[in-house]
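Read through the structure below, which is laid out as structure tokens, and then see the notes.
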Amino acid sequence: MTLQVAIVGSGPSGFYAADALLRLGDARIDLIERLPTPFGLIRGGVAPDHQSTKRVSRSFEKTALATPIAYFGNVEIGRDLTMEELRGLYDVVILAVGAPRDRPLDIPGADKAGVIGSAAFVGWYNGHPDFHDLDPSLDSERVVVIGNGNVALDIARVLVKTPEEMAVSDISEQAGQAIAASPIREVVLLGRRGPVEAKFSQKELREMGSLAAARPLVDPADLEQPIPPRLSERARRVAERNLAILSDFAQKGSAAEAESRPKRVVFRFFAQPVEVAGGAQVSGLLCERTRVLDGRVEGTGERITLDCGLVIPAIGYRSIRIPGVPYDAARGRFRNRDGRIAEGLYCVGWCKRGPVGVIGTSKADGEEAALAIRKDFTNGAGGGKPGRDGLESLLRGRETRWVDYEQWAVIDKAEQAAAAPGAPRRKFVTVADMLALLEDGARNAYLARD
Ligand code: NAP
């Protein structure tokens, strides 16, 4: 019997799961997405100047066009139908909702205006409809980004790149203009531990040394931290390579460099945030110098204050809560055992594992979910639920305006057609604008272009 499968979320983990299920055989798969646009993190999380990473969406396109798959964009669980209703309609529900919320920065003053988590800030410059009206205050020379991961690197780079460097990106028009017009001269990357513990990928770290108007600054004293013997071979290699790149940065601090590249990305290791200073608005970040003992952070009592008008904690993410789905609050993900949450309910990607790993890491989750489903539904067990027909009739009854894949293609084409020279697209940043395009005659005009 054909298995009726709903995948909630059309980011990489949702698409990888759909792909794995396609290979499994007899399944009809519906991708349910709360935005009209698919691809999740690829569109809204991956840095706008990293277009090569975004190219993976081309393979997802092939998956989306496979016969057993249908796309239901602009349909939100909790708004348009409940989780209970969804599970009633489908034999299998796979949650692939990612980890779209910021981990909170738990220090005094973190609620001040001008403290903006990386999920919101990255969403804003990527034109995510949730954040198009964020309007961050960029009116200061220094910005502090807390965290030593790849997201922190992405943010720092986007803040100091020139408009010419960003011209080939798909940064939202509004964000691109606001950053270009800002007085930002320095971005501090604050690491509570040392360069050995930093979670930077080499490629992204190295990129910081080849920006047009900004140079990386590293205090050579911070690089004296020995690599601890307890590290695995792999972690040791990563630490050695990152140290080599950072040493290279530390040696290039000449006056000529400073003149040709007036902006700075300052790597400040061994400092943890203690308090956000200011009135209603941020005026600085109070930090404490640290040392690392057996991998653990220890405060030294020595305080430093970094004056700044914007603090961006890039300290990790957590998933959303869905009524009826058990949640592990400490880890910020759904409670699951190898991707199984409950009978007929599975999860993949960051909502299963937590927010670690690159795009391709979710591929294995899809394979694992497909295998678990095959095991759980052997010998014709399951099947028989209404699936897609039931969903369509429920959505019609509620007058929910869903966006199918063909309609997404209209939005996609319109964005590409509106792109500035060199840029891949000009994004719609509100759902209303996307839906308006589909409703009016522009749709036919864009379709006629091919
Ligand atoms: P991440 O790699 O886990 O880094 C989080 C950083 O925040 C760590 O340096 C962590 O320090 C620090 N941190 C956590 N809590 C803190 C606190 N209370 N105070 C100060 N610092 C704190 O997370 P991410 O950068 O959000 O990245 C998420 C995942 O996406 C990662 O796997 C990343 O590699 C991936 N990603 C990849 C790319 C790429 O490949 N180009 C781009 C973006 C993201 P400790 O280590 O001390 O905990």
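For ligands, and for the atoms within them, numbers begin at 1 and follow the listed sequence. These values consider heavy atoms only, across backbone and side chains, with no hydrogens, waters or symmetry-generated copies.
At least one N/O-N/O distance between Gly357 and ligand 1 falls below 3.5 Å. Geometrically, ligand 1 and Arg192 share a nitrogen or oxygen pair separated by less than 3.5 Å. The shortest N or O to N or O distance between Glu204 and ligand 1 is under 3.5 Å. Between Glu197 and ligand 1, no pair of N/O atoms sits closer than 3.5 Å. For ligand 1, the polar-atom distance check finds an N/O of Val151 within less than 3.5 Å of one of the ligand's N/O atoms. Residue Asn150 has at least one nitrogen or oxygen atom sitting less than 3.5 Å from a nitrogen or oxygen atom of ligand 1, judged on distance alone. For Asp154, no nitrogen or oxygen atom sits less than 3.5 Å from a nitrogen or oxygen atom of ligand 1, counting backbone and side chain alike.
Contacts between Val358 and ligand 1 below 4.0 angstrom, taking non-hydrogen atoms only, involve the side chain exclusively. Only backbone heavy atoms of Ala314 (N, CA, C or O) come within less than 4.0 Å of ligand 1; its side chain stays farther off. Residue Ile146 touches ligand 1 through its side chain alone, judged by heavy-atom distances below 4.0 Å. Residue contacts with ligand 1, taken as heavy atom pairs separated by less than 4.0 Å, do not involve Phe200 at all.
Less than 4.0 angstrom separates some heavy atom of Val356 from each of these atoms of ligand 1: 32 (O). Annotation for ligand 1: atoms under 4.0 Å from non-hydrogen atoms of Pro355 are 28 (C), 29 (C).
For atom 22 (C) of ligand 1, the nearest protein heavy atom (residue, atom name, distance) is Ile315 CG2, 3.4 Å. Scanning the protein heavy atoms around atom 4 (O) of ligand 1, the nearest turns out to be Gly149 CA, 3.6 Å. Nearest protein heavy-atom contact of atom 12 (C) of ligand 1 is Gly147 CA, 4.0 Å.
In this structure, Arg157 does not pair ionically with Glu204, as no charged nitrogen and carboxylate oxygen lie closer than 4.0 Å. Between Arg43 and Glu415, at least one side-chain nitrogen of the basic residue sits less than 4.0 Å from a carboxylate oxygen of the acidic one, meeting the salt-bridge criterion. Between Asp80 and Arg34, no side-chain nitrogen of the basic residue sits less than 4.0 Å from a carboxylate oxygen of the acidic one, so the salt-bridge criterion is not met.
Screening residues 175-197 for side chain to side chain donor-acceptor pair (under 3.5 Å), with sequence neighbours left out, gives Arg142-Glu186, Glu186-Arg264, Glu197-Gln225. Residue pairs that meet the side chain to side chain donor-acceptor pair (under 3.5 Å) test with at least one member in residues 315-329, sequence neighbours left out, are Ser118-Tyr317, Asp328-Arg331.
The nearest non-hydrogen atom to atom 6 (C) of ligand 1, considering only Asn148, Leu105, Leu190, comes from Asn148. Distances from atom 10 (C) of ligand 1 to the heavy atoms of Lys199, Arg193, Glu207, His50 show the closest one on Lys199.
Side-chain contact between Phe267 and Val265: present, with at least one pair of heavy atoms (C-beta onward) separated by less than 4.5 Å. Looking at heavy atoms from C-beta onward, Pro273 lies in side-chain contact with Leu105 at the 4.5 angstrom threshold. You'll find the side chain of Val431 reaches within 4.5 Å of the side chain of Pro36, heavy atoms only.
Note that the CG atom of Asn242 and the CG atom of Leu205 stand 5.0 Å from one another [nearest 0.5 Å].
Minimum heavy-atom separation, Asp102 to Pro313: OD1-O, 4.5 Å.
Looking at Thr300, its side chain does come within 3.5 Å of a backbone N or O of Arg289 through a donor-acceptor pair.
Residue Gly191 places no heavy atom under 4.0 Å from ligand 1.
Applying the 6.0 Å contact sphere to NZ of Lys363 captures no more than 12 heavy atoms from other residues, nucleotides or ligands.
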